[in-house]
Participant: 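Sharing a structure below in structure tokens format, with a few things to ask.
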Amino acid sequence: QVKLVESGGGLVQAGGSLRLSCAASGRTFRNVAMGWFRQAPGKERESVATISWNPGSTYYADSVKGRFTISRDNAKNSVYLQMNSLKPEDTAVYYCAARIGGYLYIRSSDFNYWGQGTQVTVSS
């Protein structure tokens, strides 16, 4: 079992930055793929960025490429999402997700452990 707790959301003006953090607990962090997803009101949950266990291959949705960076610190059982040049359309609840496996996973259906989510609101 993996428990995930997100932090770092909030309200920011367009063009600003936020850094989301996700701390994992409950089992060894070895061979665990991680990801960030988001869901805006009235929309389906979408992939934002994912990262494999090792050597840290990454995936980014086209809408965030060049603005967001996903990273992980396996010693701290944590994954991060640095979000720069934020836009109002980035407003959503952001979820951290995990699954056991050594590959790079992309779809939300690939992940079976989820955090409670953290709200990100970008004002224009």
Participant: With heavy-atom distances below 4.5 Å as the criterion, would you say the side chains of Asp110 and Tyr103 are in contact?
Facilitator: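 No, side chains not in contact.
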Participant: How close do Asn84 and Ser17 get, heavy atom to heavy atom, and via which atoms?
Facilitator: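 The pair with the smallest heavy-atom distance is OD1-OG, 2.9 Å.
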Participant: Taking salt bridge (Lys or Arg N to Asp or Glu O under 4.0 Å) as the test, write out the residues that go with Arg19, two or more places apart.
Facilitator: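 Not a single residue meets the salt bridge (Lys or Arg N to Asp or Glu O under 4.0 Å) criterion with Arg19.
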Participant: Do the side chains of Arg38 and Ser63 get nearer than 4.5 Å, heavy atoms only?
Facilitator: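 Heavy-atom side-chain distance check passes, below 4.5 Å.
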Participant: Would you mind reporting whether Cys96 and Trp36 have side-chain heavy atoms less than 4.5 Å apart?
Facilitator: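 In short, these two side chains touch, coming nearer than 4.5 Å.
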Participant: Could you work out, with ring pair (Phe, Tyr, Trp, His ring centres under 6.0 Å) as the rule, every residue matching Trp53, not counting sequence neighbours?
Facilitator: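 Expected list: none.
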Participant: Return the set of residues passing side-chain hydrogen bond (donor to acceptor under 3.5 Å, both in side chains) with Asn54 (not counting sequence neighbours), or none when no residue passes.
Facilitator: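 For Asn54 there are no side-chain hydrogen bond (donor to acceptor under 3.5 Å, both in side chains) partners, ignoring immediate neighbours.
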Participant: Considering non-hydrogen atoms only, spot the tightest contact between Tyr80 and Ser78 and give its length.
Facilitator: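 Scanning both residues completely, I find the closest heavy atoms to be OH-CB, 3.4 Å.
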Participant: Test your reading of the model: is there a side-chain donor-acceptor pair from Ser124 to the backbone of Pro88, 3.5 Å cut-off?
Facilitator: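 Not a single qualifying donor-acceptor pair exists.
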Participant: Testing the basics here: between Val79 and Ser71, what is the closest heavy-atom pair and its distance to 0.1 Å?
Facilitator: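 For Val79 and Ser71, the tightest heavy-atom pair comes out as CG2-O, 3.1 Å.
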Participant: Checking Glu6 side chain against Gln116 main chain: does a donor-acceptor pair fall under 3.5 Å?
Facilitator: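 A pair under 3.5 Å: yes.
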Participant: Show the nearest heavy-atom pair for residues Ser47 and Ile106, with the distance to one decimal.
Facilitator: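 Residues Ser47 and Ile106, closest heavy atoms: OG-O, 2.6 Å.
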Participant: Has the side chain of Ser85 got a donor or acceptor atom that lies under 3.5 Å from a matching backbone atom of Arg67?
Facilitator: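 Checking the backbone N and O of Arg67 against the side chain of Ser85, no donor-acceptor pair under 3.5 Å is found.
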Participant: Should Val64 and Phe37 be regarded as members of a common hydrophobic cluster, given that ILVMFWY residues are connected when their side-chain heavy atoms come within less than 4.5 Å of each other, either directly or indirectly?
Facilitator: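 No, it is not one cluster - the side chains of Val64 and Phe37 are not joined through contacts under 4.5 Å.
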Participant: What is the distance from atom CG of Leu20 to atom CZ of Phe68, rounded to the nearest 0.5 Å?
Facilitator: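 The CZ atom of Phe68 is 8.0 Å from CG of Leu20, to the nearest 0.5 Å.
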Participant: Assigning hydrophobic clusters by single linkage (Ile, Leu, Val, Met, Phe, Trp, Tyr; side-chain heavy-atom cutoff under 4.5 Å), is Phe111 placed with Val93?
Facilitator: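 Phe111 and Val93: one cluster.
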Participant: Side-chain contact test, heavy atoms from C-beta onward, threshold under 4.5 Å: evaluate it for Ile70 versus Met34 and give yes or no.
Facilitator: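 Ile70 vs Met34: side chains apart.
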Participant: Quick one: sort the Tyr95 and Trp114 rings into parallel, tilted or perpendicular, breaks at 30° and 60°.
Facilitator: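 Ring orientation, 0 to 90° scale: perpendicular.
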Participant: Hey, is the main chain of Ser52 close enough, under 3.5 Å, to the side chain of Ser57 for a donor-acceptor pair?
Facilitator: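 Checked: no pair found.
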Participant: Quick one: are Thr50 and Tyr105 in side-chain contact, heavy atoms under 4.5 Å?
Facilitator: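 In short, these two side chains do not touch, never coming nearer than 4.5 Å.
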Participant: Do Leu104 and Val2 belong to the same hydrophobic cluster, where Ile, Leu, Val, Met, Phe, Trp and Tyr are linked whenever their side-chain heavy atoms lie under 4.5 Å apart, directly or via other members?
Facilitator: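 Different clusters.
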Participant: Donor-acceptor pair, distance only, cut-off 3.5 Å: does the side chain of Gln82 make one with the backbone of Thr69?
Facilitator: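 No.
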Participant: May I ask you to decide whether Asp62 forms a salt bridge with Lys65, counting only side-chain N to carboxylate O separations under 4.0 Å?
Facilitator: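 Yes, charged N to carboxylate O under 4.0 Å.
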Participant: About how many Å separate CG of Asp90 and CG of Leu18, when rounded to the nearest 0.5 Å?
Facilitator: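 Answer for the CG-CG pair, Leu18 versus Asp90, is 10.0 Å.
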Participant: Is there a donor-acceptor pair closer than 3.5 Å between any side-chain N or O of Thr91 and the backbone N or O of Val122?
Facilitator: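 Here the side-chain-to-backbone pair exists.
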